Amino acid sequence: MTKHLITSALPYVNGLPHLGHLVGCLLPADVYARYLRQKGEEVLFICGTDEHGTPSEVGADREGMDVVDYCKKYHDLHVQMYQGFNLSFDYFGRTSSDQNKEIVYRIFKALDQNGLITERTTKQVYSPDDERYLPDSYVMGTCPHCGYDKAKGDQCEHCTKVLDPTDLIHPKSVLSGSSNIEIRETKHLFLELPKLEKELALWIETKKGLWPDIAYSIACKWLKEGLQERGITRDLKWGFSVPKDGFNDKVFYVWFDAPIGYIGITKQWADECPESRNWETWWLNAPDVRHTEFMGKDNIPFHTISFPATLKGTGEEWTQVAFLKGMNYLNYAGGKFSKSAHRGVFLDDALTEFPADYWRYWLMANAPESDDSSFSFDLFAGTVNKDLNDVLGNFINRVLKMIGNNFGNTVPSLGPVTEEEENLYAETDRLVHLYGDAMNRLEFRKAISALRELWVLGNNYIAKTEPWKVLKTNSTYGGTILNTAMNLILLYAKLSAPVMPETAAKIQALFLTNHALDWPTGTAADYLKTIRGGEPFALTEPLFKKILPEQVTELKLKYKETE
RNA sequence: CGCGGGGUAGAGCAGUCCGGUAGCUUGUCAGGCUCAUAACCUGAAGGUCGGAGGUUCAAAUCCUCCCCCCGCAACCA
């Protein structure tokens, strides 16, 4: 049987994540993992913080901390927030772990033995005042092409020309502002991607029609342009030191060890329980594993080209990605979310404002799947009020109250069904299939829209059958309607569970008889008879609260939403 | 000619592969219902489908050219 390995792109440890990070990979991966588990599939959901590299070193300096402590601090904060959002990782690890180091070394040595690692001398910018080498984008100066004076060492934002830091006129350090800059020659190790190009191209060719168009076309684009040798080491202190003579004072480049982190973190998971877990059964010679990756669109080249090539170069049979879900970006009220400017809604704040499920639902219903999408508190409040309060919450509330008023706190029996129920069964079947198919294809907006249609269907059913009238003359059929409605509520809990786990659990708790939140099997005519007459239930407060217009106004001010 | 994505009612989107009178949600307006969180249900109004040309009996959809927005370009999801 197929085992599902699910990975979300590893969030960079530096700073706090915002809604864009959540919807870009973490949340859809979680929804998919929950959906598969619900269907009884074997799932391993892996994620963790990506920790190495210059931004961490600089961030630690800024906070006056040791980089190890700094990463630990932010790693823990990430963990806290993801728990708050109920992300159901089987393991949330770190790319700086010993386990990852072990795998990185293993892969590096295999590549080296296969003649895929070569030495080159490169020119790097060194800043004596910062006491460090500067990444290209940390060098600023005047563009030699257009004269723009804030051009960065990798590219001029004004004329869009790609630059080398050495091209810049009057270069200075972005960090210290110092123009005391040296160009130093330094030796680095390169991965010979061109030697792997053919093999990689053949493999990618097999993904045509299987991967989403964005992923496939981006991969083809890189191949078409021809792969270049790629530096995998850096002159930094924070990272895994390179286990090769003459390079021990350098570390691996973060983009080399980060994707390997998926494997390293799996080993972290396995090491917690070595008698029952084995990382190799997921990653090596494991044809029964289907690996689904979630990432923002900017990450696609790494996951379709560099990382697969790295694994192929070892000559071993590593698990390669079977399906990539690439997400576009979520914008904030017309602009970008920004970590550095702290613009937008960050996860810690989000949780203090509203329950996780409000966010989870909105983000998945508006996931940036085919295009960038935008968050604003108006849109957010509109969806929460309409979908969650009016359509779902109110349906549950009106059914529970009606039963409470007419039958006490026990579910009435199901009597003979009429054409209305038969129609309901047929329509329910159609929508449940639509929902499941969309989930299988990882089309989240479509799935959520089918889910919503199911909620509307319930209201529709009640409006047509008018149980409040029927009960006055025919309590048997009135009971049948309300029994059916109660079964719809259980169905809603099941289908909502991947997206809104807390809400699903609350609904589940209404039923004092235990009903599992598993995937409904058979047809609606079967599973809408799960709850039988006489079962007790608990009346509760409404599940959701509306977001009032004055609240929206306050939130906009508080989070600097302009426009 | 760097690459990719997008432009469809006030707003947010589907439909484009495979041509057949333009659809969904929200918002607006009218009606119904009164079990329910002023919720729910039904109906109406609202679009020259970014622009121009072409193919066709027929184009949002196929072809050509152009305009605009967004992202990426190997160190900011």
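So you know, we letter chains A, B, ... as the sequences are listed, proteins then strands, and number each from 1. Every heavy atom of this structure was used, including side-chain atoms; hydrogens, water molecules and symmetry mates were not. Just so we're clear, the structure is a prediction, and the values are computed from it rather than from any experiment.
Closest approach of A:Thr310 to A:Phe256, counting heavy atoms only: CG2-CE1, 3.7 Å. Annotation for A:Lys401 and A:Leu539: closest pair N-CD2, 4.3 Å, computed over non-hydrogen atoms.
With rounding to whole Å, A:Ile448 atom CD1 is found 15 Å from B:A14 atom P. Atom CG of A:Asp390 and atom P of B:U37 are 12 Å apart (whole Å). For the pair A:Met81 CE and B:A77 C1', the computed distance is 15 Å after rounding to whole Å. As a whole-Å value, the separation of A:Asn331 CG from B:G12 C1' is 14 Å. Spacing between atom CH2 of A:Trp255 and atom P of B:C72 amounts to 14 Å, rounded to whole angstrom units. We find that CE of A:Met295 is positioned 16 Å from P of B:C72, with the value rounded to whole Å. Following rounding to the nearest Å, A:Phe307 (CZ) and B:A74 (P) show an atom-to-atom distance of 21 Å. The nearest whole Å value for the distance from the CG atom in A:Leu379 to the C1' atom in B:G10 is 13 Å.
Comparing B:U8 with B:C76, their P atoms sit 30 Å apart, to the nearest whole Å. When the C1' atom is used for both B:U28 and B:A9, the distance is 12 Å, rounded to whole Å. Nucleotides B:C17 and B:G6 have their P atoms positioned 14 Å apart, rounded to a whole Å. Taking atom P on both nucleotides, B:C57 is separated from B:C66 by 28 Å, rounded to a whole Å. Taking atom C1' in both B:U55 and B:U26, one finds a spacing of 39 Å when rounded to whole Å. A distance of about 37 Å separates the P atoms of B:C13 and B:U56, rounded to the whole Å. For the C1' atoms, the distance linking B:U64 with B:A74 amounts to 35 Å, nearest Å. Comparing the same atom, C1', in B:A45 and in B:U34 gives a spacing of 27 Å after rounding to whole Å.
Applying the 4.0 Å criterion to OP1 and OP2 of B:U42, one finds that A:Asn460 has a side-chain N or O inside that range. Note on A:Lys464: every side-chain N or O is 4.0 Å or more away from OP1 and OP2 of B:C40.
Using bins of under 30°, 30° to 60° and over 60° for the plane-to-plane angle, the ring pair A:Phe375/A:Phe380 lands in the tilted bin.
A:Tyr361 has its ring centre less than 6.0 Å from the ring centre of A:Trp455. For A:Phe89 and A:Phe45, the ring centers are positioned less than 6.0 Å apart. Aromatic ring centres of A:His303 and A:Tyr262: separated by under 6.0 Å. Taking the six-membered ring for Trp and the full ring otherwise, A:His21 and A:Tyr12 have centroids separated by 6.0 Å or more. Taking the six-membered ring for Trp, A:His52 and A:Phe240 have ring centres closer than 6.0 Å.
Using Watson-Crick or G-U wobble geometry with both donor-acceptor distances under 3.5 Å, B:C65 finds its partner in B:G51. Pairing for B:C76 is absent, with no Watson-Crick or G-U wobble pair whose two atom distances lie under 3.5 Å. Under the Watson-Crick or G-U wobble criterion, with both distances below 3.5 Å, B:C33 has no partner in any strand shown. Under the Watson-Crick or G-U wobble criterion, with both distances below 3.5 Å, B:G20 is paired with B:C57. Across all strands shown, B:C3 pairs with B:G71; the Watson-Crick or G-U wobble distances both stay below 3.5 Å. The base-pairing partner of B:U26, taking Watson-Crick or G-U wobble contacts with both distances under 3.5 Å, is B:G10.
Among the protein residues, A:Pro301 comes within range of no part of the nucleic acid, since none of its heavy atoms lies under 4.0 Å from any strand. Nucleic acid contact class of A:Phe544 (heavy atoms, under 4.0 Å, all strands): base. When heavy atoms are screened at a 4.0 angstrom cut-off, A:Gly296 is found touching the sugar-phosphate backbone but no base atom. Backbone-only engagement by A:Val456 is indicated by non-hydrogen atom pairs under 4.0 Å involving sugar-phosphate atoms exclusively. Base engagement by A:Gly20 is indicated by at least one non-hydrogen atom pair under 4.0 Å involving a base atom.
A:Asn331 places no side-chain N or O within donor-acceptor distance of the main-chain N or O of A:Ser374, the cut-off being under 3.5 Å.
Note on residues 448-464 of chain A: pairs passing salt bridge (charged side-chain N to carboxylate O under 4.0 Å, His left out), not counting sequence neighbours, are A:Asp387-A:Arg452, A:Arg430-A:Glu453.
Set against B:G12, B:U37, B:C35, the side chain of A:Ile462 has B:C35 as its closest nucleotide. Listed candidates were B:A74, B:U37, B:A77. Nearest to the side chain of A:Arg230 is B:A74.
No side-chain heavy atom of A:Trp238 sits less than 4.5 Å from a side-chain heavy atom of A:Val251.
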_I'd like to compare against my own output: the B/S/- annotation of nucleotides 24-33 of chain B with a strict under-4.0 Å heavy-atom distance to protein._
-SS------S

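Judged by atom type and distance alone, A:Asn389 reaches the base of B:U37 through a side-chain donor-acceptor pair under 3.5 Å.
Each of A:Gly393 and A:Asn459 has a nearest nucleotide on RNA chain B; the 5'-most of these lies closest to A:Gly393. Comparing A:Lys545 and A:Leu236 along RNA chain B, the residue whose closest nucleotide (by nearest heavy atom) sits nearer the 5' end is A:Lys545.
Contacts of residues 398-408 of chain A with RNA chain B (heavy atom under 4.0 Å): A:Arg398, A:Lys401, A:Met402.
A:Tyr74 and A:Glu63 share a donor-acceptor pair across their side chains, judged by distance under 3.5 Å alone.
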